[in-house]
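Naming convention: chains lettered A, B, ... in sequence-line order (proteins, then strands); numbering from 1 in each chain. In this text, all values refer to a predicted model and were calculated from it rather than measured experimentally.
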2 protein chains.
Amino acid sequence: MQNKYLVIYQDLLEQIEDDIHPVDSYLPSENELKAQYQTSRETVRKALTLLSQNGYIQKVRGKGSVVLPQNKFDFPVSGLVSFKELRDKLGEDNKTHVLALETRLPSRHIKKQLLIDDDDMSTLVTKVIRAREINGEKVILDKDYFLAEKISGLTAQVAQDSIYQHLEGTLGLSISFAKKEITVEDPTEEDRDSLDLDGFHNIVVIKNYVYLDNATLFQYTESRHRPDRFRFVDFARRHH
Amino acid sequence: MQNKYLVIYQDLLEQIEDDIHPVDSYLPSENELKAQYQTSRETVRKALTLLSQNGYIQKVRGKGSVVLPQNKFDFPVSGLVSFKELRDKLGEDNKTHVLALETRLPSRHIKKQLLIDDDDMSTLVTKVIRAREINGEKVILDKDYFLAEKISGLTAQVAQDSIYQHLEGTLGLSISFAKKEITVEDPTEEDRDSLDLDGFHNIVVIKNYVYLDNATLFQYTESRHRPDRFRFVDFARRHH
DNA sequence: TAGTGGTCTAGACCACTAA
DNA sequence: TAGTGGTCTAGACCACTAC
């Protein structure tokens, strides 16, 4: 966070969130920012590009950078956000039940998801299954599969709290990007057993393939939501 | 498309898709590309950054740019893609039924979505309702609301073909970005009337707020999918 | 040590907006 | 016309990887 462009990004973001730059107003021009921060214009532009990509501003040629309507109330399920971060933002009554935690040879299906060769009989996978309770009802079932060699010290207590904090904080792993697929499916036996499905006939399934900095796939996750507790918000720019 | 960095981007993208740079291989280094294209390194980097943002490569410090597993088979519902583009890629048996097309004063609800003041009694909105048929079944209901002043010449024929092509091609409007929300809801009377719901008890609802280049909101769309015909794929980078 | 990508600079010219 | 953002350049120094 000592990079100049990140400092500028954080500063401006904070100012937008504090309403110092209200919606529909213009940020200082690139030349003004360049003078303010004693830097070059390209560095200022890097910060503004980041803001633009994350949906905070829109740059308009000949005019300036407009502040867009806030994402404040949006579920930040877009991008990569863990349940813990979500929970902290939502402030609702939440609980996590760790239903399983074991390391072993993966099934054929899991091998396929994690791009492990079918003949490979040595790569171990750590499986974590957790039910998420919101306001007294179990509404999300998270099934995580990690390459065991990459994660050590994954205890029930860690799974209870935040695996991502463990990975990024304690282990120093750097999660880089993920591919996600959202579909709607029929509930499985396991869904019925582990969740409070009430009368719901469908389950929203989010399949997540998570990659590290060095482009290696290291986690496959299935997050299974009761439909009424599912919401996904996305910001997308059109690439011409 | 005459920008140097876009040319480099397109070239590399094509080479990746043609398997000249297979998955897990490295692209030429930035210095090599700089020499190849007779340009500066920053311009090369701009192209590579675009590839990275769109999920085609991962840049690894000290090593190079690795080609990631392909998005080829992914539904490109992520980002901003119209039904027509989708249809073209899918090549399935598709049809569009235009159920309504009219321009009038909007309801209170639509005013709210399009950020029109409640007291405003002059701003007209064009409503288009279309049912999408795939393999003989009507499975998607698209309800579009446009600021009428921005779109002219929107006929049933255009709605039948592609509104986006009309907007970007004929009218020269530049769609810039959109905010999307995905939820699962109970079907309405209208859903039951317009779609072949079979036994399905839920509808996947995608609410879309579309903005132009100059940061003005000009379209609100509700796309209502039968759950078995819904799939959403997303690529997301983690911003540290 | 050589080669890679990450950041930063100080300029330049262009296209567009608004007065 | 003055001010804005969009593109591009030719360097520089740094951090990391691999040999």
Side-chain angles (χ1 to χ4, degrees), chain A residues 1-12 21 24-53 56-68 172-174 176-177 212-216 237-240, chain B residues 1-12 21 24-53 56-68 172-174 176-177 212-216 237-240:
Chain A
M1 235 288 278
Q2 46 201 341
N3 290 336
K4 271 196 186 176
Y5 79 94
L6 282 181
V7 171
I8 301 174
Y9 171 79
Q10 295 288 358
D11 273 11
L12 290 174
H21 303 300
D24 280 344
S25 73
Y26 285 86
L27 294 186
S29 77
E30 297 181 352
N31 276 319
E32 283 169 332
L33 289 171
K34 163 183 136 186
Q36 250 181 63
Y37 286 93
Q38 287 287 300
T39 183
S40 69
R41 209 181 128 215
E42 286 290 0
T43 299
V44 168
R45 284 178 58 72
K46 220 163 173 180
L48 293 179
T49 300
L50 248 191
L51 285 170
S52 161
Q53 281 166 356
Y56 293 105
I57 63 168
Q58 172 74 358
K59 306 175 93 183
V60 186
R61 219 206 200 87
K63 300 179 80 173
S65 299
V66 199
V67 178
L68 294 178
L173 289 179
S174 190
S176 174
F177 62 93
L212 297 178
D213 249 6
N214 58 1
T216 56
R237 291 198 167 269
R238 186 167 181 88
H239 302 297
H240 293 283
Chain B
M1 236 286 281
Q2 46 201 338
N3 291 335
K4 269 196 187 178
Y5 78 94
L6 282 181
V7 171
I8 302 175
Y9 171 79
Q10 296 286 359
D11 274 10
L12 291 174
H21 303 299
D24 281 344
S25 72
Y26 285 87
L27 293 186
S29 77
E30 296 181 351
N31 276 319
E32 284 169 333
L33 289 171
K34 163 183 136 186
Q36 249 181 62
Y37 286 95
Q38 287 286 301
T39 182
S40 68
R41 210 180 127 214
E42 285 291 0
T43 299
V44 169
R45 285 178 57 73
K46 220 165 174 176
L48 294 178
T49 300
L50 248 191
L51 285 170
S52 159
Q53 280 164 358
Y56 293 105
I57 63 168
Q58 172 74 0
K59 307 174 94 184
V60 186
R61 218 208 202 86
K63 299 180 78 173
S65 299
V66 199
V67 178
L68 295 178
L173 290 179
S174 190
S176 174
F177 62 93
L212 296 178
D213 249 8
N214 59 2
T216 55
R237 292 199 166 269
R238 186 164 181 91
H239 302 298
H240 292 283

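Phosphate proximity of dT9(D) to Lys34(B): absent, as no side-chain N or O sits under 4.0 Å from OP1 or OP2. Remark: Ser29(A) is in phosphate contact with dT4(D), judged by side-chain N or O atoms under 4.0 Å from OP1 or OP2. Using a 4.0 Å cut-off, no side-chain N or O of Arg41(A) falls inside it from OP1 or OP2 of dG11(C). Between Ser40(A) and the phosphate of dG11(C), there is no side-chain N or O to OP1/OP2 separation shorter than 4.0 Å. Residue Thr39(B) places none of its side-chain N or O atoms closer than 4.0 Å to OP1 or OP2 of dC8(D). Considering only side-chain N and O atoms, Lys63(A) lies nowhere under 4.0 angstrom from the phosphate OP1 or OP2 of dG5(D). The phosphate of dG6(D) has OP1 or OP2 within less than 4.0 Å of a side-chain N or O from Lys59(A). For the OP1/OP2 pair of dT7(C) and a distance below 4.0 Å, the side-chain nitrogens and oxygens of Tyr5(A) include at least one atom meeting the criterion. For dT7(D), one of the phosphate oxygens OP1 or OP2 lies less than 4.0 angstrom from a side-chain nitrogen or oxygen of Lys46(B).
The nearest heavy atom of DNA chain D to Glu42(A) and to Ser65(A) marks one nucleotide each, and the one closer to the 5' end goes with Ser65(A). Comparing Val60(B) and Asn31(A) by the nucleotide of DNA chain D that holds the closest heavy atom to each, the one mapping nearer the 5' end is Asn31(A).
You'll find that the side chain of Glu30(A) is closest to dG6(D), out of dT9(D), dG6(D), dT7(C).
Separating the OH atom of Tyr26(A) from the P atom of dT4(D) is a distance of 12 Å, rounded to the nearest angstrom.
Remark on the helix from dT1(C)-dA18(D) to dA18(C)-dT1(D): inter-end axis angle 10°, axes from five-pair C1' superpositions, rounded to 10°.
Atoms NZ and CD1, on Lys34(A) and Ile8(A) in that order, are 12.0 Å from each other to the nearest 0.5 Å.
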